[in-house]
Amino acid sequence: MPCGLRAASGCGIRNRDGTERKRNETMRLSQLVGQRLKDAPRDAQSSSHIFIIRGGYARPLSTGIYSLLPLGKRVVAKIEKIIREEMDAVEGQEVLMPVIQPQELWEESGRAQTIGPELLRFKDRNGKPMVLAMTHEEAVCHLARTEITSYKQLPSMLYQIQTKYRDEARPRGGLIRVREFTMKDAYSFHATPECLAAYYDRVHQAYENIFRRVGLKDCISIKSDTGMIGGKLAHEFMAVADCGEDTLFVSPDGRYKANREIAESTLVFEKNPPLPMEEIQTPNAQKIEEIAAFLGTRLQDSGKCVCYATGDGQLVLAMVRGDLEINEVKLKKAIGRGDIAFANDEQIRAAGGCPGYVSPYGLDCKKIKVVFDHSAAESSNLIIGANKENFHYRNFNFGRDFDPATCTVADIRTVKAGEPCPVTGEPLIEKRGIEVGNIFQLGTRYSEKMGVNFLDQNGKAKPAVMGCYGIGVGRTMAAVIEQNHDQYGPTWPMSIAPYQLHLVALNYGQPEVKAAADKLYADLQAAGIEVLFDDRGEKAGFAFADADLIGAPLRLIISPKSLPENKVEFKKRDWGKRSELLDKDTVVAEMQKLVQSEPK
RNA sequence: CGGGGCGUGGCUCAGUCUGGUUUAGAGCGCUUGGUUCGGGACCAAGAGGUCGGAGGUUCGAAUCCUCUCGCCCCGACCA
């Protein structure tokens, strides 16, 4: 057997039969690095995770850190190409910024302080504090403040496809949530918010193009919470998939769509004439369920109170109707603070509350900030804690029993599937989504702090108005598999398939087959088709199972069965076991047509 | 950071409870030879493991004890 690797002789890596390996656009399966696996690792749960491992697309190196094998790298490269085309179409200019950055840069923006251990920090040999970038706002501002100084240069947009590192508390789901990942991130600079808003819409359209072109069948953009990072408007692009980490609510007609964090509904609360308030004994009944069981009432007859504390010890009591859940994102927004956590028992007692029997009734509003959800404020005759062990009150009525002037009333609850949509009134549908991209109108938050100023027509310095736009590349690959697979493997769209065509030679050992298959392989290559050629001569079942796991959209099978009739078997990946016979002399032209007719 | 689970060849796992026929096994994959050949074939012969690591108990530890590291799942967190 010839040795494939020859040092310094000028010979390239050779195929098993001694022939020279051609360019990477075609490949003999016998030489492809990255085995297909019959069994998935035990820890792989989602379809994308299973097929990425079984198909030989990627391998784990550590928790949430993966190597891409040749097949995976090819898919990612195609996704990146599509992203580049669409970013270039909105006048983006590609750059490359460092992953390793001095921490002092992050102190300028203030994020060195506000971001926790998710930002990986370390020191270089001189003891200088450094960080691994989890995003590049600081770096792009560093560039822009010296390179973009005049209104004549605005608007402009810079983008890159670069590694990010986030020391995630819990990576999960294969490539869905990882610590090291490739992200396309883009940053635009504008003279005015109006200019940003108009450009933002163009990027939104570019994103829709990207996700359609990579083959996501069900990808929706939803308004999202801008978080404590601020900004006016933000959208998340969600690939709908059961394994998604985010919960979405959409109306049946799709006109309303929102992340659970901000979704609203027009649920109407039951209002009855107020009854006199009375104290009742409720031994050992703390949870809403226990109270309802003990008193024989419904969950919604109670009020649910949860105490939080901010980072500096300010206490917050949030109250919703007993059958509903508090939404912490909404609560944070309502109180204007992001640093809240459940209060401990001492903190609750210090504010006059009794753990397990907390309610706003009788508390000193100077010691604790009270936030009522509309559901609690608009319901009547609720059962609430008495701030006394083993006692509750019956018939609490907001307004009569609590002064609205001393508290905040806001939407701080999480909506549930089936509640009426705020736009259409129809029952909301709950879906799961993978966040494959997001876009933000940042405004001047970073440019002010980092001194990204330009001179306007009057020679006056002004902070640039910024937008930022991200896409998770590896996550997008995983999301495409989630939406395009069967029980045997991925069913790649032509646009990002690792190879366009999978050529199988059965009984490759037979000279006639070998000759015909080699010629067909060469002809397909010459026609510019990306071919993966299974030249291993394995049994049919074995070869087909591998082909399914790799998932190329087109498949040709050349074998002693059809060769004498001058035919080649053809099937599309999603045809199941069906196939048809094509004339060998015209098959290359037909394949070329199919490759070109598919959306790129 | 809480709760749960798991670490035995590249992958899936048995053996652990009840320490000793185990010189540590099976299937898949890998190598060699042969027979096969249309949906993961068969026979034969091989290569590959300090049973995650350290310490301890014991005549004897994959198995019991202590500590530690790693990995997975649920939750918290997530510009």
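Every heavy atom of this structure was used, including side-chain atoms; hydrogens, water molecules and symmetry mates were not. Every chain is numbered from 1, with letters handed out A, B, ... down the list of sequences.
- Comparing Gly173(A) and Glu569(A), the nucleotide of RNA chain B nearest to each residue sits closer to the 5' end for Glu569(A).
- In this structure, rC42(B) and rG34(B) make a Watson-Crick or G-U wobble pair, each of the two defining distances being under 3.5 angstrom.
- Rounded to whole angstrom, the span from the CZ atom of Arg54(A) across to the C1' atom of rC28(B) amounts to 11 Å.
- Residues forming a ring pair (Phe, Tyr, Trp, His ring centres under 6.0 Å) with His190(A) (at least two apart in sequence, or on another chain): Tyr199(A).
- Rounded to whole Å, the separation between the C1' atoms of rG25(B) and rC69(B) comes to 27 Å.
- Taking atom NZ on Lys38(A) and atom P on rG39(B), their separation rounds to 14 Å, with Å as the unit.
- Rounded to an integer number of Å, the gap from Glu538(A) CD to rC28(B) P is 14 Å.
- Atom-to-atom, CD of Glu168(A) to P of rC77(B) comes out at 13 Å; the value is rounded to the nearest Å.
- Considering Asp167(A), Thr135(A), Val131(A) as possible partners of Leu119(A), the one that fulfils the side-chain contact (heavy atoms from CB on, under 4.5 Å) test is Val131(A).
- Taking atom CG of residue Leu331(A) and atom P of nucleotide rC77(B), one finds them 11 Å apart after rounding to whole Å.
- A salt bridge links Glu325(A) with Lys304(A): at least one charged nitrogen is closer than 4.0 Å to a carboxylate oxygen.
- Along RNA chain B, the nucleotide nearest Tyr488(A) and the nucleotide nearest Met183(A) are compared for position; the residue whose nucleotide lies closer to the 5' end is Tyr488(A).
- Side-chain nitrogen and oxygen atoms of Ser62(A) include none within less than 4.0 Å of the OP1 or OP2 phosphate oxygen of rG70(B).
- Using a 4.0 Å heavy-atom distance criterion, Leu549(A) is classed as a base contact.
- The gap from the C1' atom of rC51(B) to that of rG7(B) amounts to 10 Å, rounded to the nearest Å.
- Across all strands, Gln510(A) comes closer than 4.0 Å to no nucleic acid atom at all (heavy-atom distances).
- Straight-line distance between the P atoms of rC17(B) and rU21(B): roughly 13 Å, to the nearest whole Å.
- One interatomic measurement links the two molecules: CD of Gln101(A) to P of rA79(B), which rounds to 18 Å at whole-angstrom precision.
- Arg573(A) contributes a side-chain N or O that, together with a main-chain N or O of Asp548(A), makes up a donor-acceptor pair within less than 3.5 Å.
- The side chain of Ala169(A) sits closest to rC77(B) out of rC77(B), rG29(B), rC37(B).
- With C1' as the reference atom, rG56(B) and rG10(B) are 34 Å apart, rounded to whole Å.
- For rU66(B), the paired base is rA54(B) (Watson-Crick or G-U wobble, both distances below 3.5 Å).
- When rounded to the nearest whole Å, the span between CD of Gln45(A) and P of rG5(B) equals 16 Å.
- A distance of about 14 Å separates the P atoms of rU63(B) and rU8(B), rounded to the whole Å.
- When the C1' atom is compared between rC77(B) and rU66(B), the two are found 33 Å apart, to the nearest whole Å.
- For the residue pair Tyr207(A) and Asn438(A), no side-chain donor N or O sits within less than 3.5 Å of a side-chain acceptor on the partner.
- One C1' atom belongs to rA24(B), the other to rU35(B), and the distance between them is 33 Å to the nearest Å.
- Aromatic pair Phe570(A)/Trp575(A): centroids less than 6.0 angstrom apart.
- To the nearest whole angstrom, the two C1' atoms, one in rA61(B) and one in rU18(B), are 14 Å apart.
- Look at Arg170(A) and you'll find a side-chain N or O under 4.0 angstrom from OP1 or OP2 of rC74(B).
- Side-chain contact between Cys243(A) and Glu482(A): present, with at least one pair of heavy atoms (C-beta onward) separated by less than 4.5 Å.
- Taking a pair to require two hydrogen-bonding distances under 3.5 Å in either a Watson-Crick or a G-U wobble arrangement, rA79(B) remains unpaired.
- Using modelled atom types, one finds no donor on one side chain facing an acceptor on the other under 3.5 Å when comparing Asn327(A) with Glu261(A).
- Remark: Asp546(A) pairs with Arg36(A), Arg536(A) by the salt bridge (Lys or Arg N to Asp or Glu O under 4.0 Å) rule, at least two apart or across chains.
- Glu108(A) and Arg145(A) are joined by a salt bridge, as a carboxylate oxygen and a charged side-chain nitrogen come within less than 4.0 angstrom of each other.
- Not one side-chain nitrogen or oxygen of Thr114(A) sits closer than 4.0 Å to the OP1 or OP2 atom of rA79(B).
- Between the CZ atom of Arg59(A) and the C1' atom of rC71(B) there is a distance of 17 Å, rounded to whole Å.
- A donor-acceptor contact under 3.5 Å links the side chain of Lys571(A) to the base of rG39(B).
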Would you list the protein and nucleotides 8-11 of chain B atom pairs, both N or O, that sit under 3.5 Å from each other?
residue : atom : partner  : partner atom : Å
rC11(B) : O2'  : Asp39(A) : O            : 3.4

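- With both pairing distances under 3.5 Å, rG2(B) is matched to rC74(B) as a Watson-Crick or G-U wobble pair.
- In this structure, rU18(B) makes no Watson-Crick or G-U wobble pair, since no nucleotide meets both defining distances under 3.5 angstrom.
- Among rG39(B), rC77(B), rA79(B), the nucleotide with an atom closest to any side-chain atom of Asn438(A) is rA79(B).
- In a base pair of the Watson-Crick type (N1 to N3 plus N6-O4 or O6-N4) or a G-U wobble (N1-O2 and O6-N3), with each distance short of 3.5 Å, rG27(B) is matched with rC11(B).
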